[in-house]
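See structure below.
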Amino acid sequence: MTPKGRIKTILIFVVSAAVLFAAFCVSGKSIMKVLYPVKYSEYVEKYSKEYGIEKELLYAVIKTESSFNPDAVSDADAAGLTQITPETFDWLKTKLGEESEDLSLFDPETSIKYGAFFLGYLMDEFENTDTALAAYHAGRGRVNEWLEDSNISPDGKTLNNIPVAETAHYVNKVNKAINIYTNLYKEG
């Protein structure tokens, strides 16, 4: 092969590799957007602003809790997109001054509203995302007990380690989803 022929072959290879790489990046991002959608955005936008939380946090919790299935029900009877138990829902309704029996966690707007309010409440109470997420998953009372244990929380405010593997996994999974939502949908 002549030197010109080698250069032409190398150039074709480099251009082909660049095209394949670009196609992979575009399709990889498209696949990630299917796996991490932004469904119910009108409610997520509205209630994340209203209750002072990042929309990526709310999307990540919905993705982790129900994978955007409004009819989801857990073994603990948590329901809807944000997977709130009936007891917690009743408590949240009193916090918001709503007593209506017509409200249903299977309604996407209701679930997102109460999930956003609860996350905002926990963020205000614990002032730390990981601690708030642990409380969302394991319960406020349990997390407050952990914060009193110096082996788990040396400062009484943050959790150095989460003693329940399922809750630790949940917090890690939500944090991963927050990062994905932040990077996948960042504006600009």
Side-chain angles (χ1 to χ4, degrees), residues 36 38 40-41 43-70 72-99 103-182:
Y36 291 86
V38 289
Y40 309 106
S41 60
Y43 304 136
V44 170
E45 298 277 339
K46 176 181 178 180
Y47 293 113
S48 64
K49 284 179 186 167
E50 188 169 329
Y51 297 119
I53 61 169
E54 297 292 323
K55 64 184 176 184
E56 294 82 5
L57 170 61
L58 188 51
Y59 278 123
V61 167
I62 294 168
K63 167 65 177 159
T64 303
E65 290 286 354
S66 68
S67 203
F68 292 90
N69 176 4
V73 178
S74 75
D75 292 338
D77 286 330
L81 293 169
T82 56
Q83 291 290 282
I84 296 172
T85 63
E87 298 79 19
T88 300
F89 187 41
D90 289 341
W91 178 76
L92 292 170
K93 285 193 286 188
T94 64
K95 291 285 182 193
L96 285 172
E98 297 177 348
E99 299 298 325
L103 294 173
S104 170
L105 287 170
F106 295 111
D107 170 60
E109 183 174 10
T110 301
S111 185
I112 291 169
K113 175 182 177 178
Y114 280 85
F117 173 77
F118 192 30
L119 285 166
Y121 186 92
L122 294 171
M123 291 293 291
D124 288 345
E125 180 177 1
F126 295 108
E127 300 176 353
N128 176 279
T129 302
D130 287 354
T131 307
L133 287 170
Y136 193 94
H137 185 265
R140 293 172 53 247
R142 201 172 200 189
V143 167
N144 279 313
E145 288 174 11
W146 296 342
L147 291 172
E148 292 173 5
D149 183 336
S150 62
N151 293 319
I152 298 170
S153 175
D155 64 2
K157 294 180 181 182
T158 57
L159 301 171
N160 265 11
N161 61 50
I162 298 172
V164 175
E166 185 180 350
T167 300
H169 176 72
Y170 174 82
V171 170
N172 288 333
K173 193 171 177 181
V174 174
N175 279 318
K176 177 184 169 192
I178 290 169
N179 288 330
I180 290 170
Y181 275 105
T182 299

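For this chain, numbers begin at 1 and follow the sequence in order.
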Shortest non-hydrogen contact between [X] and [Y], atoms and distance:
| X | Y | value |
| --- | --- | --- |
| Q83 | A78 | OE1-O, 3.3 Å |
| L159 | T131 | N-OG1, 3.8 Å |
| P70 | F106 | O-CD2, 3.3 Å |
| S111 | A79 | OG-O, 4.4 Å |
| A177 | A60 | CB-CB, 3.6 Å |
| W146 | I152 | O-CB, 3.6 Å |

Any side-chain heavy-atom pair from [X] and [Y] closer than 4.5 angstrom?
| X | Y | answer |
| --- | --- | --- |
| V44 | Y59 | yes |
| D77 | T85 | no |
| V38 | F68 | no |
| L133 | V61 | yes |

Salt-bridge contact K113-E50 (side-chain N to carboxylate O under 4.0 Å):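 No salt bridge links K113 with E50.
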Whether over 12 other heavy atoms sit under 6.0 Å from E109 CD: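 Enclosed: over 12 neighbouring heavy atoms sit under 6.0 Å from CD of E109.
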Backbone of W91 reached by a side-chain donor or acceptor of T94 within 3.5 Å: yes
Under 3.5 Å: donor-acceptor pair, side chain of S153, backbone of S150: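 No; judged by distance alone, with no hydrogens or angles, the pair does not exist.
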Distance flag, aromatic centroids of Y47 and F117, threshold under 6.0 Å: no
N179 CG to Y36 OH distance, which is reported to the nearest 0.5 Å: 10.5 Å
Residue pairs fulfilling salt bridge (Lys or Arg N to Asp or Glu O under 4.0 Å) with at least one residue in residues 132-151, sequence neighbours excluded: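 The answer is E125-R140.
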Steps toward side chain to side chain contact (heavy atoms under 4.5 Å, CB included) verdict (N69, L81): CA-CA 6 Å; N69 176 4; L81 293 169; 5.7 Å; no
Mutual orientation of the aromatic rings belonging to Y114 and F89 [parallel < 30°, tilted 30-60°, perpendicular > 60°]: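 Because their plane-to-plane angle is over 60°, the rings of Y114 and F89 count as perpendicular.
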Derivation of the side chain to side chain contact (heavy atoms under 4.5 Å, CB included) call for Y40 and I62: CA-CA 10 Å; Y40 309 106; I62 294 168; 5.7 Å; no
Which pairs of donor and acceptor atoms, one on a side chain in residues 167-174, lie under 3.5 Å apart (sequence neighbours left out)?
unit_1, atom_1, unit_2, atom_2, d
T167, OG1, H137, ND1, 2.9
Y170, OH, E65, OE2, 2.8
N172, ND2, A168, O, 3.3

Donor + acceptor pair across side chains of S104, T110 (<3.5 Å): no
